[in-house]
Amino acid sequence: MTPSTAKPTLDAAPHIRLAHADDDEFILSVAERLVGFDLPAWRKRNETLNGIRADIARHLRELPAATHLFVAEDEDGQRLGFLHLQTQKDFLTGVLNCHIADLAVASEHDGEGVGSALIAFAEGWAREHRCRHVTLSVFPGNARARALYLHHGYGDELIRMAKPLK
């Protein structure tokens with residue numbers, strides 16, 4: 001965006017709270033943002049989105065102990081985005097890490113600082129829960145998210161590679 005078309009940031013930092021049952025529909029609708037870019041050629045958009053939504057719905061329904069879902073909202077209670085955190089043991093060291101399983105901002109709030117606020121919240125939450133790292137996965141084609149994560153100091157650790165079998 002050019003400076004003249006850039007969206008302003010929110011007047012106040014978003015309030016981030018635990019998600020509750022009334023948020024399920026919003027969270028599942030915003031999950032569409034998690035496939036709104038070029039996916040690897042072997043990934044079908046609808047199939048990928050359905051898998052993501054099914055996983056989030058299961059976490060919303062079952063509320064596993066290591067899963068935590070949060071919603072960002074503005075001063076008026078309008079929902080802006082959501083964050084799905086999972087605590088897990090690091091495969092290489094066995095230490096506790098916080099994994100950002102999902103982070104999505106409603107499209108009408110892109111560029112307002114909501115994603116940055118959710119990342120900051122995740123990092124603070126991870127510190128409070130004595131996690132050593134915050135991890136996340138991102139599709140290579142999700143340039144906007146990758147730029148956001150790089151801006152906040154995230155870097156490549158492992159590269160997952162895939163080959164479709166025919």
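- Here the closest heavy-atom approach between residue Ala104 and residue Leu118 is recorded as O-CD1, 4.3 Å.
- Under a cut-off of 6.0 angstrom, the local environment of CZ in Arg61 is crowded, with over 12 non-hydrogen atoms contributed by other residues, nucleotides or ligands.
- Checked against Thr135 for a side-chain contact (heavy atoms from CB on, under 4.5 Å), the options Asn97, Leu158, Asp90 give a single hit: Asn97.
- Between Leu80 atom CG and Glu112 atom CD the span is 7.0 Å, to the nearest 0.5 Å.
- Heavy-atom minimum distance, Lys89 versus Gly94: CD-O, 3.1 Å.
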Go through it in stages, so that I can follow the logic: the residues are Phe82 and Phe26, the test is ring-ring contact (aromatic ring centres under 6.0 Å, His included), and I'd like the CA-CA distance, side-chain angles, deciding distance and then a yes or no.
CA-CA 9 Å; Phe82 82 96; Phe26 168 76; 7.2 Å; no
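- With a 4.5 Å cut-off on side-chain heavy atoms, Arg144 and Arg146 do not count as touching.
- The closest donor-acceptor contact from the side chain of Thr48 to the backbone of Lys44 lies under 3.5 Å.
- Rounding to the nearest 0.5 Å gives a distance of 5.5 Å between CZ of Arg43 and CZ of Phe139.
- Hydrophobic clustering (ILVMFWY, side-chain heavy atoms < 4.5 Å, transitive): Leu34 and Val105 are in distinct clusters.
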Given Ile52 and Val35, is the side chain to side chain contact (heavy atoms under 4.5 Å, CB included) satisfied, shown in steps?
CA-CA 9 Å; Ile52 290 169; Val35 297; 3.9 Å; yes
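- In this structure, OG1 on Thr67 lies 9.5 Å from CD on Gln88, to the nearest 0.5 angstrom.
- Counting heavy atoms of neighbouring residues, nucleotides and ligands inside a 6.0 Å radius, atom CG of Asp55 exceeds 12 of them.
- Counting heavy atoms from C-beta on, the side chains of Gln78 and Glu73 never come closer than 4.5 Å.
- Side-chain atoms of Leu85 and His99, non-hydrogen and from C-beta on, never get closer than 4.5 Å to each other.
- Using modelled atom types, one finds no donor on one side chain facing an acceptor on the other under 3.5 Å when comparing His129 with Thr87.
- Going from atom CD1 of Ile56 over to atom CG of Asp24 covers 10.5 Å, rounded to the nearest 0.5 Å.
- Proximity of Cys98 to His68: side-chain heavy atoms (C-beta onward) are nowhere separated by under 4.5 Å.
- Shown here for Leu83 and Ala122, the closest heavy-atom pair between the two residues is CD2-CB, 3.9 Å.
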Using side chain to side chain contact (heavy atoms under 4.5 Å, CB included), reason through His133 and Glu157 one step at a time and then give a plain yes or no.
CA-CA 11 Å; His133 300 102; Glu157 180 180 45; 5.7 Å; no
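- Ring planes of Phe70 and Trp125: perpendicular class, angle over 60° (limits at 30 and 60°).
- For the pair Arg53/Glu32, a side-chain contact is recorded, criterion being any heavy-atom separation below 4.5 Å from C-beta on.
- Within a 6.0 Å sphere centred on CD of Glu25, heavy atoms belonging to other residues, nucleotides or ligands number 12 at most.
- In this structure the side chain of Ile100 reaches within 4.5 angstrom of the side chain of Val134, judged on heavy atoms.
- The closest donor-acceptor contact from the side chain of Asn50 to the backbone of Asn46 lies under 3.5 Å.
- Both Phe37 and Leu49 are part of a single hydrophobic cluster, where members link through side-chain heavy atoms under 4.5 Å apart.
- With rounding to the nearest 0.5 angstrom, the CG atom of Leu18 is 9.5 Å from the CG atom of Leu63.
- Between atom OG of residue Ser116 and atom OH of residue Tyr149 there is a gap of 10.5 Å, rounded to the nearest 0.5 Å.
- In summary, Asp102 and Arg33 do not engage in a salt bridge, as defined by a charged side-chain N under 4.0 Å from a carboxylate O.
- Annotation: side chain of Val71 is not in contact with side chain of Ile16 (no heavy-atom distance under 4.5 Å).
- Taking 4.5 Å as the limit, some side-chain heavy atom of Leu60 sits within range of a side-chain heavy atom of Leu69.
- Judged by distance alone, the side chains of His152 and Glu123 never bring a donor and an acceptor atom under 3.5 Å apart.
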What's the verdict on salt bridge (charged side-chain N to carboxylate O under 4.0 Å, His left out) for Arg17 and Asp23, showing C-alpha distance, side-chain angles and the deciding distance?
CA-CA 11 Å; Arg17 59 166 173 78; Asp23 296 315; 2.6 Å; yes
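- Taking the side chain to side chain donor-acceptor pair (under 3.5 Å) definition, one finds that His15 meets it with nothing, sequence neighbours left out.
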Test side chain to side chain contact (heavy atoms under 4.5 Å, CB included) on Leu39 and Arg45 and set out the steps.
CA-CA 7 Å; Leu39 293 170; Arg45 189 167 317 284; 3.8 Å; yes
